[in-house]
There are 2 protein chains.
Amino acid sequence: MTRPTVNDIAREAGVSLATVDRVLNARPGVREKTISAVNDAIARLGYVRDLAAANLARSRSYRMVVLLPASDSQFVTTLAAALDDAAALAAATRTEMRLLRYPPEDMHVLASTLAALDPDDVAGVGLMAPETPVVRDAVRALRARGIPVVALASDLPNTARDHFVGIDSHAAGRTAGVLMGRFCRGLTGSILVLADSMLLRDSIERRRGFDEVIQTEFPALTVLPTLETHGAPDLLHRLAGDRLAATPDLAGIYLLGSGHRALAALLRDRGLLGRFVVIGHELTPHTRAALMAGHLDAVIAQNPGHLARSALRVLRAKADRQPIDEGQERLRIEVVIRENLPPESPEPGPRSLS
Amino acid sequence: MTRPTVNDIAREAGVSLATVDRVLNARPGVREKTISAVNDAIARLGYVRDLAAANLARSRSYRMVVLLPASDSQFVTTLAAALDDAAALAAATRTEMRLLRYPPEDMHVLASTLAALDPDDVAGVGLMAPETPVVRDAVRALRARGIPVVALASDLPNTARDHFVGIDSHAAGRTAGVLMGRFCRGLTGSILVLADSMLLRDSIERRRGFDEVIQTEFPALTVLPTLETHGAPDLLHRLAGDRLAATPDLAGIYLLGSGHRALAALLRDRGLLGRFVVIGHELTPHTRAALMAGHLDAVIAQNPGHLARSALRVLRAKADRQPIDEGQERLRIEVVIRENLPPESPEPGPRSLS
DNA sequence: TTGTAAGCGTTATCAT
DNA sequence: ATGATAACGCTTACAA
């Protein structure tokens with residue numbers, strides 16, 4: 001009736017508790033024969049280990065470090081908030097998080113921060129950073145010192161990071177492309193593309209996915225060269241304004257990064273609000289407002305709450321060398337329009353007081 | 001540095017462990033004065049109780065019951081599989097699940113099953129059922145006996161269920177409507193609507209949301225009366241076939257429920273595959289295949305894995321009278337097209353063996 | 001009204 | 001290579 005415990009296994013297998021534990025945790029110093037005896041007992045009894053008890057006994061706590069660029073991007077801000085919420089929740093499982101920010105323009109600062117991390121003080125590192133050589137090396141060094149690393153939001157594929165939690169930018173770009181194409185049904189014309197910077201791999205991949213789809217499936221549309229706004233509203237206003245004037249057949253606008261407010265302002269200036277199909281990325285207060293106002297038609301997004309919780313869960317699993325639940329940790333490429341906009345999270349999440 | 005425990009409180013307050021426990025759990029038999037002494041110590045030390053340890057000591061386990069209709073609908077099948085996966089995961093936290101099926105046409109069987117549930121054998125009930133008077137009464141009775149109830153996928157708003165885990169059908173219908181309208185840009189014509197049955201509240205609400213959007217935002221489109229197919233492919237073939245022939249200006253098809261394969265077969269028969277915008281609900285093997293083949297343009301879905309995990313987490317929280325994390329438990333109204341189709345879950349989820 | 005001590009299911013530290 | 005035994009933070013008889 002009641003669930004089998006390690007004691008039951010020990011009795012059934014005719015060994016001691018300690019041996020069962022050794023087998024359970026794949027610790028060395030057990031004969032092959034004993035191992036299989038224990039495993040047999042486990043299978044026979046249908047044992048499943050009580051995680052809570054295990055963690056209690058370990059009384060181990062997990063100090064995670066998460067590094068985000070100190071940019072004022074709304075996505076980063078949103079993610080930081082989500083991480084704080086997730087950390088409050090994870091505290092119940094002895095997992096705490098230190099959230100650090102690094103100057104976005106200097107990867108050397110980031111690298112030295114990472115290099116200074118003490119392997120027996122930090123159980124894992126979450127990192128959102130562009131994949132520059134400096135970063136690559138820093139991540140490799142971290143892993144060499146036995147600290148698990150997960151890449152957040154932006155992947156670091158060539159660093160042997162333990163895991164990536166986020167969405168595939170290329171597929172996200174394709175998704176944006178299909179929506180743009182279909183929302184422009186019947187139209188012949190150009191698509192204006194705005195990015196913060198085309199040096200970031202995510203932007204490049206989004207653009208590549210977008211182009212692929214438009215070229216092969218929507219030949220009536222032409223994607224214009226990307227304008228780089230470097231997060232500067234005035235620059236966007238000028239560059240996009242010029243392009244707008246020079247493009248009489250404009251059908252749609254694709255924002256790879258930020259700039260939603262500046263774009264809306266520009267279009268309003270010109271009396272063009274609502275005249276084009278506009279598609280962007282990430283759900284932030286700005287894009288949310290734009291969706292509600294009808295200035296933005298769709299957003300391709302990843303759920304920051306899920307991202308944050310997943311990051312902490314995965315880090316913890318890695319720290320424990322436990323497998324992760326692929327299904328639970330896989331982020332979806334979300335399509336958000338006004339009608340399925342999730343309600344603005346009202347409370348900052350219950351800070352589990354009692 | 002380390003978190004304070006009950007022992008620390010006891011020492012700080014100059015009382016014994018047992019007294020601290022009595023105060024913590026609001027048990028009787030403690031002087032007012034002692035109570036406040038303990039509470040002071042708790043506040044001073046910033047104690048936060050370790051729930052896992054508490055539950056371990058209680059050696060409490062949570063036996064949940066989930067009831068699904070015994071229909072052969074693919075969504076229900078998918079959900080059942082997701083629940084089994086979630087249960088395998090939840091087993092590590094002393095939460096087990098019994099998955100029961102009831103004959104979909106007879107709510108009295110369901111009601112008597114619910115009535116037979118023993119309050120000190122089952123810690124919570126998850127229920128997917130239409131909201132008939134019989135069901136309403138059964139749910140009320142359950143709650144009166146102190147068993148928490150969460151509604152799954154389909155809400156039971158007038159039963160005082162503890163929680164609903166699923167998406168808002170009305171908003172889902174509106175989302176479908178917007179996509180239909182936008183994908184039909186420039187077209188003037190009719191939309192064929194197919195449902196299993198219009199007796200189900202979810203279908204009614206989806207349709208209502210869909211109509212609202214089309215009528216107010218896409219006046220060039222006309223939504224035809226719903227055809228009820230009762231899950232019967234031949235009936236769908238006949239009814240939809242007739243309507244198809246009688247509707248020369250058909251622009252789109254909206255499937256409120258199942259029937260994707262039958263519809264594809266019909267359209268193929270008539271050489272009409274790919275001629276209309278087709279939008280449906282829920283991601284199942286059939287809709288997935290249809291999306292991949294290009295016979296279906298978009299699906300409005302809720303994530304069954306999330307639904308299942310959320311249901312079990314919420315039931316557990318309710319059983320413990322703990323607050324739930326709104327952010328984590330809120331399901332998104334997902335828009336799935338070919339480009340953001342999540343990969344088919346390869347493994348049935350790690351059955352946490354070790 | 002309060003305290004003592006024995007668990008709960010694991011893990012970890014010694015012995016053997 | 002294996003076994004006792006004492007934690008881990010909390011609850012719960014049973015005593016006092």
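Note: hydrogens, waters and symmetry copies are ignored here, and every other heavy atom, side chains too, is used. Nothing here was measured: the structure is a model prediction, and the numbers come from that model. Chain letters run A, B, ... following the sequence lines, proteins first, then strands; residues in each count from 1.
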- chain A contact limits on DNA chain C, taken 5' to 3' with a cut-off of 4.0 angstrom to heavy atoms: dG9(C) to dA12(C)

- Item | T19(A) vs T5(B), nearer the 5' end of DNA chain D by closest nucleotide | T19(A)

- Which sits closer to the 5' end of DNA chain D, R58(B) or R22(B), going by the nucleotide each is nearest to? R58(B)

- Test salt bridge (Lys or Arg N to Asp or Glu O under 4.0 Å), reference E329(A), set R313(A), R309(A), K318(A), output is R313(A)

Under 3.5 Å, side chain of [X] to main-chain N/O of [Y], donor-acceptor pair present?
X       : Y       : answer
R44(B)  : E12(B)  : no
R332(A) : N303(B) : no
R143(B) : A160(B) : yes
T159(B) : R161(B) : yes
H306(A) : R330(A) : no

- Item | Lys/Arg N to Asp/Glu carboxylate O, R60(B) vs D320(B), below 4.0 Å | yes

- Query: Hey, are D50(B) and R94(A) close enough for a salt bridge, meaning a charged N less than 4.0 Å from a carboxylate O?
  - Reply: yes

- Query: Of A53(A) and S16(B), whose closest DNA chain C nucleotide lies nearer the 5' terminus?
  - Reply: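 With S16(B) and A53(A) compared, the 5'-side residue is S16(B).
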
- Message: Both V15(B) and A54(A) contact DNA chain C. Taking the nearest nucleotide for each, which residue is further toward the 5' end?
- Response: V15(B)

- side-chain hydrogen bond (donor to acceptor under 3.5 Å, both in side chains) evaluation trace for R49(B) with N25(B): CA-CA 11 Å; R49(B) 165 223 235 101; N25(B) 295 290; 2.5 Å; yes

- Five-pair end axes of the helix from dT1(C)-dA16(D) to dT16(C)-dA1(D) and the angle they enclose, rounded to 10°: 40°

- Message: Does N25(B) reach a base, just sugar-phosphate, or nothing at all? Heavy atoms under 4.0 Å.
- Response: sugar-phosphate

- Query: Is D50(B) touching bases, backbone alone, or none of the nucleic acid, heavy atoms closer than 4.0 Å?
  - Reply: sugar-phosphate

- Query: Which of residues 26-36 of chain A have a heavy atom under 4.0 Å from DNA chain D?
  - Reply: G29(A), V30(A), R31(A), T34(A)

- Task: Check every nucleotide of DNA chain D for an atom under 4.0 Å from a heavy-atom of chain A, then give the first and the last such nucleotide from 5' to 3'.
- Result: dA1(D) to dG9(D)

- Could you pull out all residues at least two apart from S154(A) that satisfy side-chain hydrogen bond (donor to acceptor under 3.5 Å, both in side chains)? D202(A)

- Could you list the residues that satisfy side-chain hydrogen bond (donor to acceptor under 3.5 Å, both in side chains) with D40(A), not counting sequence neighbours?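 D40(A) satisfies side-chain hydrogen bond (donor to acceptor under 3.5 Å, both in side chains) with no other residue.
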
- Item | Heavy-atom side-chain proximity of Q322(A) to R316(A) below 4.5 angstrom |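 They are not in contact (no side-chain heavy atoms under 4.5 Å apart), so the answer is no.
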
- Message: Is any side-chain heavy atom of Y62(B) closer than 4.5 Å to one of N55(B)?
- Response: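 Of all side-chain heavy-atom pairs linking Y62(B) with N55(B), at least one is under 4.5 Å.
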
